[in-house]
Participant: 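Got a structure for you, written out below as structure tokens; questions coming shortly.
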Amino acid sequence: MAGPPPGGWDVASVAAELLACEDERREREPFTDDWPGLDLDTGYEIQDLNLQKRLERGEKLIGVKLGLTSRAKQERMGVHFPFVAWLTDAMVLPVGDPVPQGKLIHPRIEPEIVFVMGDRLEGPGVTCAEAMGAVETVWGGAEVIDSRYKDFRFTAGDVSADNASSGAFVTGPIGLPPAELDLALEAVLVETNGVVVDSATGAAVQGHPGEALALAANDLARRGHAIEAGWIVLTGGMTDAVFAPPGSSTALHFTNLGSVFLNGGPEA
Ligand code: OOG
Ligand code: MG
């Protein structure tokens with residue numbers, strides 16, 4: 001296996017290995033098998049180092065994503081608290097494009113409430129109401145997650161280091177000002193290959209997706225960042241994610257925010 005010997009990992013070598021896995025579509029075992037001390041904050045250091053590398057290679061920082069904000073996600077992944085990761089323009093999937101199988105290892109799709117920020121939001125101490133006051137528009141979205149870890153097996157440290165399994169995302173057809181929606185009651189139906197397999201409302205996400213946004217602002221403040229005007233914020237999967245292999249079709253139907261369709265595309 002490439003990379004330093006087991007137990008010889010540090011922030012720089014884990015960061016380099018994770019970006020290499022991403023670029024080469026190579027999965028691996030979680031680092032915490034060898035380095036149990038890789039905790040959430042160390043994961044954030046690794047994530048930040050790789051953001052720097054993404055920017056150096058020409059990607060643009062366009063926002064943040066939250067991970068594990070719903071009970072459905074926390075229970076499935078076995079990590080019981082939410083965290084934040086970075087979004088760059090390389091992760092934007094154009095509407096109508098298939099799941100980018102050629103770039104991903106084992107993509108899964110999850111429905112998310114997505115915010116476009118009108119104002120800057122800086123923690124600590126941000127409340128849900130303040131957070132919602134800084135939102136310009138609300139969208140339905142599909143995140144295509146892709147862990148660099150085999151079978152999506154990871155701890156909080158592994159997954160924060162891996163930029164929260166970032167892959168790609170696409171937003172739906174309708175953007176509304178937040179005052180026009182009761183987001184806790186905004187529902188989504190998850191349809192795979194023509195069968196509705198799951199459903200949830202916005203309340204699944206920390207009680208209200210605005211709470212997830214506040215959490216992101218407050219967590220980023222700890223790391224010396226704010227959420228900037230114009231940024232996109234993915235507030236976290238409302239349901240468990242569904243597999244999206246070649247040949248599959250996934251549709252996410254939101255009550256007021258329209259439907260998002262994603263074709264699994266041809267074999268990579
Ligand atoms: C971690 C990524 C979580 C979400 O919305 O909860 C995430 C994973 O499930 O692999 O993007
Ligand atoms: Mg997600």
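All ligand and atom numbering here is 1-based and tracks the order in the structure. The chain is numbered in sequence order, starting from 1. Note that these values count all heavy atoms, side chains included, but never hydrogens, waters or copies made by symmetry.
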Participant: Taking only heavy atoms of Phe152, which atoms of ligand 1 are found under 4.0 Å from at least one of them?
Facilitator: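 Ligand 1 atoms under the 4.0 Å threshold to Phe152: 10 (O).
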Participant: What residue and atom, counting heavy atoms only, is the protein's closest point to atom 9 (O) of ligand 1, and at what distance?
Facilitator: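 Nearest protein contact, heavy atoms only, for atom 9 (O) of ligand 1 is Lys73 NZ, 2.8 Å.
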Participant: Would you say the side-chain atoms of Gln47 pair up with the backbone N or O of Ser160, donor to acceptor, closer than 3.5 Å?
Facilitator: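 Pair found, side chain donor or acceptor close to backbone of Ser160.
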Participant: Using non-hydrogen atoms of the residue, decide whether Ser147 is closer than 4.0 angstrom to ligand 1.
Facilitator: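 No, Ser147 has no heavy atom closer than 4.0 Å to ligand 1.
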Participant: Are Asp48 and Trp86 linked by a side-chain donor-acceptor pair shorter than 3.5 Å?
Facilitator: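 Trp86 and Asp48 do have a side-chain donor-acceptor pair below 3.5 Å.
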Participant: Do Phe243 and His106 have their ring centres less than 6.0 Å from each other?
Facilitator: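 Distance test on ring centres: not under 6.0 Å, no.
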Participant: Is a donor on one side and an acceptor on the other found under 3.5 Å between the side chain of Thr255 and the backbone of Ala187?
Facilitator: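 Between the backbone of Ala187 and the side chain of Thr255 there is a qualifying donor-acceptor contact (under 3.5 Å).
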Participant: At less than 4.0 angstrom from any non-hydrogen atom of Gly67, what atoms of ligand 1 do you find?
Facilitator: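 Going through ligand 1 atom by atom, the ones under 4.0 Å from Gly67 are 3 (C), 4 (C), 6 (O), 7 (C).
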Participant: Suppose I only count heavy atoms of Gly237 and a 4.0 Å limit; which atoms of ligand 1 are within that range?
Facilitator: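 By the 4.0 Å cutoff, the relevant atoms are 4 (C), 5 (O), 6 (O).
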Participant: Are any of the N/O atoms in Thr69 less than 3.5 Å from those in ligand 1?
Facilitator: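 So ligand 1 has no N or O lying under 3.5 Å from an N or O of Thr69.
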Participant: Please verify whether a non-hydrogen atom of Asp162 lies at under 4.0 Å from ligand 1.
Facilitator: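 It does not, in that no heavy atom of Asp162 comes within the 4.0 Å cut-off of ligand 1.
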Participant: Between Arg120 and Glu228, is the closest basic N to carboxylate O distance under 4.0 Å?
Facilitator: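 Result for this pair is yes, salt bridge flagged.
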Participant: Output the list of atoms in ligand 1 that are nearer than 4.0 Å to some heavy atom of Val159, sorted by atom number.
Facilitator: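 Every atom of ligand 1 under 4.0 Å from some heavy atom of Val159: 1 (C).
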Participant: Does Glu186 use its side chain to pair, donor to acceptor, with the backbone of Asn256 at less than 3.5 Å?
Facilitator: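 Side chain of Glu186 to backbone of Asn256: a pair is present.
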Participant: Roughly, to 10 degrees, what angle do Glu143 atom OE1 and Glu110 atom OE2 form around the Mg ion (ligand 2)?
Facilitator: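 Vertex at the Mg ion (ligand 2): approximately 110°.
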Participant: If hydrophobic clusters are built from ILVMFWY residues whose side chains come within less than 4.5 Å, do Ile227 and Leu51 share one?
Facilitator: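 Yes, same cluster.
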Participant: Which residue and non-hydrogen atom of the protein lie closest to atom 2 (C) of ligand 1, and at what distance in Å?
Facilitator: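 Ranked first by proximity to atom 2 (C) of ligand 1 is Ala164 O, 3.2 Å.
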Participant: Which atoms of ligand 1 have any heavy atom of Gly236 under 4.0 Å away?
Facilitator: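 Ligand 1 atoms under the 4.0 Å threshold to Gly236: 5 (O).
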Participant: Report whether Leu176 and Val188 are members of the same hydrophobic cluster (ILVMFWY, side-chain heavy atoms less than 4.5 Å apart, transitive linking).
Facilitator: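 Same cluster: Leu176 reaches Val188 through Ile, Leu, Val, Met, Phe, Trp or Tyr contacts under 4.5 Å.
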Participant: How is the N/O/S atom of Glu112 that comes nearest to the Mg ion (ligand 2) named?
Facilitator: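 In Glu112, the N, O or S atom with the shortest distance to the Mg ion (ligand 2) is OE2.
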Participant: Got an N/O contact under 3.5 Å between Leu68 and ligand 1?
Facilitator: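 N/O-N/O distance under 3.5 Å: yes.
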Participant: Could you tell me whether Glu112 and ligand 1 have an N or O pair separated by under 3.5 Å?
Facilitator: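 There is such a contact, yes.
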Participant: Does one side chain, of Arg57 or Gln52, offer a donor that lies under 3.5 Å from an acceptor on the other?
Facilitator: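 There is no such pair between these side chains.
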Participant: Note the single closest protein heavy atom to atom 4 (C) of ligand 1, along with its residue, its atom name and the distance in Å.
Facilitator: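 Sorting protein heavy atoms by distance from atom 4 (C) of ligand 1 puts Glu110 OE2, 3.0 Å first.
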Participant: Kindly work out whether a path of hydrophobic side-chain contacts (I/L/V/M/F/W/Y, heavy atoms less than 4.5 Å apart) joins Val138 to Leu87.
Facilitator: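 As far as the 4.5 Å side-chain criterion goes, Leu87 and Val138 are not connected within one cluster.
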Participant: At their closest point, which heavy atom of Arg108 faces which heavy atom of Ala241, and how far apart are they?
Facilitator: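 Nearest pair, atom of Arg108 first, then Ala241: CB-CB, 3.7 Å.
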Participant: Using distance alone, with no hydrogens and no angle criterion, decide if Ser249 and Asn263 have a side-chain donor and acceptor under 3.5 Å apart.
Facilitator: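 The criterion, which ignores hydrogens and geometry beyond distance, is not satisfied for Asn263 and Ser249.
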Participant: Using a 4.0 Å heavy-atom cut-off, which part of Glu143 comes near ligand 1: side chain, backbone, both, or neither?
Facilitator: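 It is the side chain that touches ligand 1; the backbone stays farther off.
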Participant: Regarding ligand 1, does Ile145 bring an N or O atom to under 3.5 Å of one of the ligand's N or O atoms?
Facilitator: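 No, Ile145 has no N/O under 3.5 Å of an N/O on ligand 1.
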Participant: For ligand 1, which part of Arg76 has a heavy atom less than 4.0 Å away: the side chain, the backbone, both, or neither?
Facilitator: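 The answer is neither; Arg76 stays 4.0 Å or more away.
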Participant: Who's the nearest protein heavy-atom neighbour of atom 10 (O) of ligand 1, and how far?
Facilitator: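 The closest heavy atom on the protein side is Ser165 OG, 2.6 Å.
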